[in-house]
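Start at 1 and go down the list; that is how both ligands and their atoms are numbered. Just so we're clear, the structure is a prediction, and the values are computed from it rather than from any experiment.
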Amino acid sequence: MSQPQEENKSENGPTTQSYEFRQPPPPNPQLYDRQISTVLATTLTPEQVVIYEEFPEILTKSKEDLEDLLSNDVCFDSFFESIERIRHTLAVRDEMRVGNETSAKETLSQENELNQLRQHVQEQENALIKLNSTIQEKLKLQQNALQRFSPSVLLTKLKSGVQQSDELSEQMASSFLSGELETDQFIKHFREIRKVFHLRNAKVEIVKNKPGILDDSIREELRKLGHGSVTFDPKYSRGIGLLTLQNPERHNALSGKMMAELSDIVDKLENIVKFDTNGNLNNVNIVNELDKENNLIGIIVTGSRNTFCSGLDLSVAKDHILTPENGKKMSLLMQDTLFRFGQLPLISVAAVEGHALGGGAELVTACDFRCISETSKIRFVQVKMSVIPGWGGGKRLIDIVGGVNALKIMGTSDPITAQNGLELGFVDVIAPHGECVNRAREFLNRYVYFSERDERKGGNGNDDNINENKKINSVKAVRGLKLLISRTKNSEEYKNFLLYEHELFGSLWGQKENVDAVLKTRK
Ligand SMILES: CC[C@@H](C(=O)O)C(=O)SCCNC(=O)CCNC(=O)[C@H](O)C(C)(C)COP(=O)(O)OP(=O)(O)OC[C@H]1O[C@@H](n2cnc3c(N)ncnc32)[C@H](O)[C@@H]1OP(=O)(O)O
């Protein structure tokens, strides 16, 4: 029996033990040549030839010997085991048995250690799960804590502080008037409380006028203005939601009420995934009711009755928003809403039928992609109204088509059509009139599904190709991708640019030239 060979050495060090088994000896050619030739002189069947070839020892046996072998088991066994090839095979079998026994013993000897290791790994995994849930809880606490110190919450608290000190001083005055408080006491405390009141009030004014601070009350003020609505169907199509601007009598112009509703929808959509402040994918979990059944990855933005949006509702503007102060409030809310919309982990497509004018054109830029009908027109009419975009659309247009093209488009108010939009890289899909939403859905389906057949054929993304062998894309991966892309816009530089756009807009909106232009606009 051969001994186990030395451990095999590879470049990476020792590997497992192995045994080298002897090869069976080849048949003896001399013996074969000499004896088979005689035998072959007689007539043999092919089977007999094979036996003689494999066991030439038989050729040395006489007829009587062979008969003995066949009739006597002991004799047969003794002859059989004396054959060199059989002895070799038995030796190999014994070697293998010993080899197997050795490795079995070795494996068994490591069983305890393996069990301990397994237990250790299990414990570590449990500890990790606990740690992970602790981190999640802490992240929630951190988010809540940060929320408490957000500018809008601080401003609200400051405002309620102002109200409290005002009420306190009022109570003190009535106590004094009813004789419950001495004059010197009243003067002392009343002065102190009024001082606090004025200090708080001054702070409120400072914070309110600080550019870029969005106070929650702005949304509520705007909510009271005008009609129309913004609706959201989270189950429009698999993985795709449909957001619709509804103010059909006015070409879906955006009233204050609609702005507030749009912002509410973005709030809700923000909750469809929870991710930490670093956009950590580990925390991308589907949590929201809106999303539970549809695993949203995409959203189509459109307008009712075959038109997109004619911008700000000018009737509402004329009655309520045509002052620099109110224009700034509207700009803050719309910039914030559309910025947050762009940061959602959802791929968005604007489905533009008919007109997209002024603020409507700005909305179009807030989407990742644009599907426009053959007859639609997108126009940045702001300069004609002696103003510049105030909903962040200036910055977004520059990002999409570049500074020079953006200057031409916004400076001339020339319409972007399906054809020139395509050439500019502004339009992604051209649809027949009335087909925009459908085509936008087909376009988004490329992100919801992937099709093996389509891949093999180098397909073009038509629904036909997708239908065969279609598979659902990983929702988390698609959202992760969108998070990654939108992260490029979540920078201080980007936000400062938006703030600059907001300030420029605020310096033009509500001025005489702008007011005259708005009042002259047919409506
Ligand atoms: C900061 C926001 C700011 C910006 O960023 O630019 C703005 O958005 S300012 C608003 C810019 N928008 C406009 O100037 C659009 C003005 N409207 C039009 O040019 C035309 O109405 C139209 C959209 C091209 C459609 O023309 P047409 O098909 O001929 O229909 P009508 O003109 O008869 O309109 C039907 C009906 O709708 C009313 N309408 C249209 N747009 C608005 C609007 N933005 N606000 C309020 N109402 C609007 C229009 O007055 C008609 O009403 P009735 O006369 O009562 O029938």
Side-chain angles (χ1 to χ4, degrees), residues 218 222 225-230 245-260 262-263 302-339 350 352-366 372-373 375-398 406 409-417 433 498 501-511 513-523:
I218 291 179
L222 282 160
L225 308 180
H227 305 280
S229 63
V230 183
L245 309 173
Q246 317 245 20
N247 194 1
E249 290 76 25
R250 295 179 178 176
H251 281 266
N252 303 318
L254 239 64
S255 63
K257 174 175 181 282
M258 290 166 75
M259 289 177 203
L262 182 61
S263 212
T302 194
S304 66
R305 279 209 216 142
N306 271 343
T307 191
F308 189 76
C309 170
S310 58
L312 169 64
D313 186 327
L314 292 172
S315 317
V316 172
K318 283 168 192 170
D319 294 340
H320 305 283
I321 310 183
L322 217 43
T323 64
E325 199 199 0
N326 289 345
K328 275 184 155 190
K329 285 181 182 172
M330 168 189 70
S331 159
L332 267 186
L333 179 68
M334 286 307 288
Q335 274 203 351
D336 175 76
T337 302
L338 296 181
F339 177 79
V352 186
E353 299 282 358
H355 295 281
L357 298 179
E362 295 196 57
L363 269 181
V364 171
T365 61
I372 162 171
S373 97
T375 50
S376 297
K377 288 192 172 66
I378 301 170
R379 288 181 73 194
F380 286 79
V381 293
Q382 289 84 354
V383 166
K384 283 161 80 77
M385 303 181 86
S386 306
V387 74
I388 63 156
W391 298 356
K395 168 68 178 145
R396 292 190 295 268
L397 184 67
I398 295 168
I409 292 167
M410 291 190 280
T412 62
S413 300
D414 282 350
I416 303 177
T417 60
H433 179 62
L498 284 184
E501 187 178 309
H502 163 78
E503 283 175 347
L504 277 178
F505 172 82
S507 68
L508 295 165
W509 183 265
Q511 302 302 324
E513 274 181 292
N514 168 247
V515 173
D516 290 348
V518 170
L519 294 177
K520 254 199 295 177
T521 306
R522 179 172 163 236
K523 114 101 275 12

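- With a 4.5 Å cut-off on side-chain heavy atoms, Val364 and Ile372 do not count as touching.
- When heavy-atom distances to ligand 1 are checked against a 4.0 Å cut-off, Arg250 comes that close through both its backbone and its side chain.
- With sequence neighbours left out, Asp319 forms a salt bridge (Lys or Arg N to Asp or Glu O under 4.0 Å) with no residue at all.
- For atom 26 (O) of ligand 1, the nearest non-hydrogen atom from the set Met330, Met385, Arg379, His251 comes from His251.
- Using a 4.0 Å cut-off between heavy atoms, Trp391 contacts ligand 1 through its side chain alone, with no backbone atom that close.
- For the 3.5 Å distance criterion, the side chains of His502 and Ser331 qualify, holding a donor opposite an acceptor.
- You'll find the side chain of Gln511 stays beyond 4.5 Å of the side chain of Ser386, heavy atoms only.
- Glu249 has its side chain out of reach of His227: every pair of non-hydrogen atoms, C-beta onward, lies at least 4.5 Å apart.
- Looking at His355 next to ligand 1, no N or O pair under 3.5 Å apart turns up.
- No N or O atom of Ser315 sits closer than 3.5 Å to an N or O atom of ligand 1.
- Heavy-atom separations between Lys384 and ligand 1 are all 4.0 Å or longer.
- At a heavy-atom distance under 4.0 Å, only side-chain atoms of Ala253, from C-beta outward, approach ligand 1.
- Listed by atom number, the atoms of ligand 1 under 4.0 Å from Gln382 heavy atoms are 4 (C), 5 (O), 6 (O).
- Looking at Ala317, Gly358, Gly390, Ser310 and measuring to atom 13 (C) of ligand 1, the nearest heavy atom belongs to Ser310.
- For His320, the ring-ring contact (aromatic ring centres under 6.0 Å, His included) criterion is met by no residue, not counting sequence neighbours.
- Contact annotation for Asp313 and ligand 1: heavy atoms of both the backbone and the side chain come within less than 4.0 Å of the ligand.
- For Met334, the heavy-atom gap to ligand 1 stays at 4.0 angstrom or more.
- Although no hydrogens or angles enter the test, the distance criterion places no donor-acceptor pair under 3.5 Å between the side chain of Thr417 and the main chain of Lys377.
- For ligand 1, the atoms lying closer than 4.0 Å to a non-hydrogen atom of Gly311 are 8 (O).
- Between Ile218 and Leu333, some side-chain heavy-atom pair lies under the 4.5 Å cut-off.
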